[in-house]
Amino acid sequence: MRSSHLLFFLLAATTASAQPAAPVDPALTEISATIWYQQAVVSPDGSRLAYVQSASPGKSEIFTVSLAGGDSKPARIWAGESTSAESSVAWSPDSKQIAFLSDREKFGQLQLYVAPAAGGRPRQLTHLTGLLADPRWSPDGRRIAILFTENLPRAAGPLDPVLPDSGVVESKVYEQRIAIVDAAGGAARQVSPADFYIYEYDWSPDGRSFAATAARGAGDDNWWIAQLYTIAADSGQMRAIFKPGVQQQIAVPRWSPDGKSIVLIAGLMSDEGVNGGEILQVPVGGGAARNLTPGIASSVSHLAWPRQSAHLYFTEHADGGSAISQWDPATGKVERLSQGDESTNPSFEDIGISLSDDGKVSALIRSSWRQPPEVWAGAIGNWSQRTRANSQRKPLWGEAKSLHWTSDGFRVQGWLLYPVNFNPSRKYPLVVAVHGGPASSLKPFWPRPGFNPALLSQQGYFVLMPNPRGSYGQGEKFTLANVKDFGGGDLRDILAGVDETVKTAPIDANRIGITGWSYGGFMTMWAVTQTTRFRAAVAGAGLANWQSYYGENAIDQWMIPYFGASVYDDPAVYAKSSPITFIKRVKTPTLVLVGSGDGECPPPQSYEFWHALKTLGVKTQMVVYPNEGHLFHEPEHQRDVLVRMIEWFNGNLR
């Protein structure tokens, strides 16, 4: 690790047109001081709000507050003084209690607790070993279901670091199952079969069954082939009722209030938990699925069907922002209720919008580049701010503008972040930041710690953040448009966006860089093999060779929908999109960054690209971060990866 003073101040190149680089620490201080919200949940009767906030990694707190008006103070719900992390709030049907998870008993080991909603001593309901997640009350309030992965030796999810292999390599499968706990106390009973991994679930209105998305085999890998099942709450008997197509993944199953159907999101999704698609309705008794939102010009991200409401509500990725709409079962019509240039969910975890049973009161988390995250509640589109923990936070980055351009007949959207203290008489460098996915959407957000190209604005850069084809926000046809064409049309979209940006703003066309993480890291590696337009590049967790990647990554099931076949059946389609195929074209100085335990984009992919550049005499550097996965958790590493990115661009573009 470099000496610590380099983490506070950046060196500046001395060119005639550039100004010295700004200290990065003030912006990092603003971000590190931000209170982050994980969840905001309104009680079924609409009278109270519960929210989860976190001021530091691994520590979180739960508060409840009355929504009746006045200056009522939040009450903290906690399991004890030594609690490190409390989260996953679920209201009881009568709005009098909340269930939640806490690791009070043992650091890192969550257990299920129940507490009075207005405050009071909680009761611990479980003493389990493994991962607990997503508690949900039964409709009668007598039982609580949880997702339980017994004896799991590491954090669940492909974003976390994978354990290194040793000895004979074999797959040990830890299945996440539905377990039921009596709310009055008693042992947890695992319900779903031992050979299925349950991803998401919902109680039926009569409390006799669950709707669940599930698949056999390792949980991290097989989400992409999950099907919809019903599961009997007493016997655990499973019945498959919907199998999606090859280019469809499914998410967020929700029972209709009458118990006759289940709605879910179906679409091409590249990452578990980053949802987007259209809404399907599946009859429980059998029959064809019905598309409730055919051709919708957005991407549905989450669903809520309150038990006493006539409408189904859903959140959306919409043209680079967020929206909320409702569907009327009586007429089949969709009505847009709210839309804005903001983010309404935490990163990497789409929690949607919480609603009271009658649908009249809602709660959500809102943030943008100008507004730090806070909890809001009220009627949809008429919310009032309920928290002010970040009232002292100030944006230390420039203004943002939404741009649109055309490419191959598509209407493409992107965000252009201006340099801080922008002077229209100057020429500025530009960095293109490509989001991960590709099925995702870059929306206005308050920057978080770690790899965050938005902070280049603070260093005197324009930052273009495009949503090229393959992204969410323009409908399913747009999301499907880069199938079997990674790096083709999506790169044309990005380059057309650069053209539009250079026409729009005072940018030095000779000082343009590119960066990204995951899919964005691949696009960075790919772009420098296809064009010399970029004078510097930073590739985070990139992919150099799709053919070798297929046998190295821990989640190969995601690739079939995008490439049409396995690498063993159609190696050519993988080779044509591999940066390594065109590696001798590269002239661009490239910094390569990766976590040592990344299972999604394994380090050998970064080694392969870096080694080739080094051999070919191209300026390059590679940094491997120990014990990190696809998403970095260590604050020192989060800071270092950001500072190295900024230093690389300052050294090659300023």
Side-chain angles (χ1 to χ4, degrees), residues 1-10 24-38 52-61 83-87 103 106-110 131 152-164 220 271 273 346-349 373 436 445-456 515-518 520-521 538-542 553-554 591-607 610 621-648:
M1 189 61 65
R2 299 166 301 158
S3 58
S4 61
H5 74 276
L6 288 179
L7 300 178
F8 291 90
F9 295 97
L10 303 175
V24 71
D25 198 55
L28 294 180
T29 298
E30 279 295 305
I31 293 173
S32 63
T34 300
I35 301 297
W36 303 99
Y37 296 94
Q38 301 176 13
V52 181
Q53 69 179 41
S54 175
S56 59
K59 296 182 183 297
S60 54
E61 303 170 315
T83 296
S84 295
E86 292 172 335
S87 61
D103 66 352
K106 178 182 178 183
F107 177 75
Q109 174 59 68
L110 297 171
L131 180 70
L152 187 70
R154 68 174 183 91
L159 297 179
D160 291 296
V162 297
L163 298 176
D220 287 355
D271 295 270
S347 299
F348 300 109
E349 186 179 3
F445 66 103
W446 191 259
R448 294 186 71 96
F451 182 84
N452 201 321
L455 292 188
L456 287 164
T515 188
W517 198 270
S518 191
V538 178
N553 79 91
L591 173 64
V592 180
L593 307 166
V594 70
S596 67
D598 193 334
E600 282 205 15
C601 300
Q605 290 296 306
S606 292
Y607 276 110
W610 166 78
Q621 185 182 68
M622 180 172 170
V623 184
V624 181
Y625 291 85
N627 304 315
E628 296 286 10
H630 199 59
L631 180 68
F632 286 12
H633 294 290
E634 175 59 48
E636 185 178 6
H637 294 160
Q638 292 175 340
R639 178 185 283 263
D640 187 75
V641 74
L642 171 66
V643 173
R644 286 185 186 272
M645 174 189 68
I646 295 174
E647 286 183 343
W648 190 263

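The structure presented is a predicted model; accordingly, all values stated were derived computationally and were not measured.
Taking 4.5 Å as the limit, some side-chain heavy atom of V594 sits within range of a side-chain heavy atom of M622. Residues W610 and Q621 fail the side-chain proximity criterion, which asks for heavy atoms closer than 4.5 Å. Counting only heavy atoms from C-beta outward, the side chains of V623 and R644 approach each other to under 4.5 Å. Contact annotation: the side chain of S60 never approaches that of Q53 to less than 4.5 Å [non-hydrogen atoms, C-beta and beyond].
To the nearest 0.5 angstrom, L591 atom CG is 8.0 Å from T515 atom OG1. In this structure, CG in D271 is found 5.5 Å from CD in E600, a value given to the nearest 0.5 Å. Between the CZ atom of R448 and the CG atom of L631 there is a distance of 9.0 Å, given to the nearest 0.5 Å.
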Exercise. Taking it one step at a time, do H630 and S518 satisfy side chain to side chain contact (heavy atoms under 4.5 Å, CB included)?
Worked result: CA-CA 8 Å; H630 199 59; S518 191; 2.9 Å; yes
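Residues L642 and G450 approach most closely at CB-O, 3.6 Å, considering heavy atoms. Closest approach of S87 to Q38, counting heavy atoms only: CB-OE1, 3.6 Å. Of all heavy-atom pairs spanning M645 and N452, the tightest one is CE-O, 3.9 Å. Annotation for S606 and V592: closest pair CB-CG1, 3.4 Å, computed over non-hydrogen atoms. Considering every non-hydrogen atom in both G521 and A539, the closest pair reads O-CB, 3.9 Å. In terms of heavy-atom proximity, W36 sits nearest to P449 at CZ2-CD, 4.1 Å.
Residues satisfying the side-chain contact (heavy atoms from CB on, under 4.5 Å) criterion with F107, sequence neighbours excluded, are S84, D103. In this structure, the side-chain hydrogen bond (donor to acceptor under 3.5 Å, both in side chains) partners of W446, at least two apart in sequence or on a different chain, are T34.
Note on ring orientation: taking the six-membered ring where Trp is involved, the planes of W517 and F451 are tilted (angle from 30° to 60°).
Of the residues listed (H637, E636, E634), the one engaging Y625 in a side chain to side chain contact (heavy atoms under 4.5 Å, CB included) is H637, and it is the only one.
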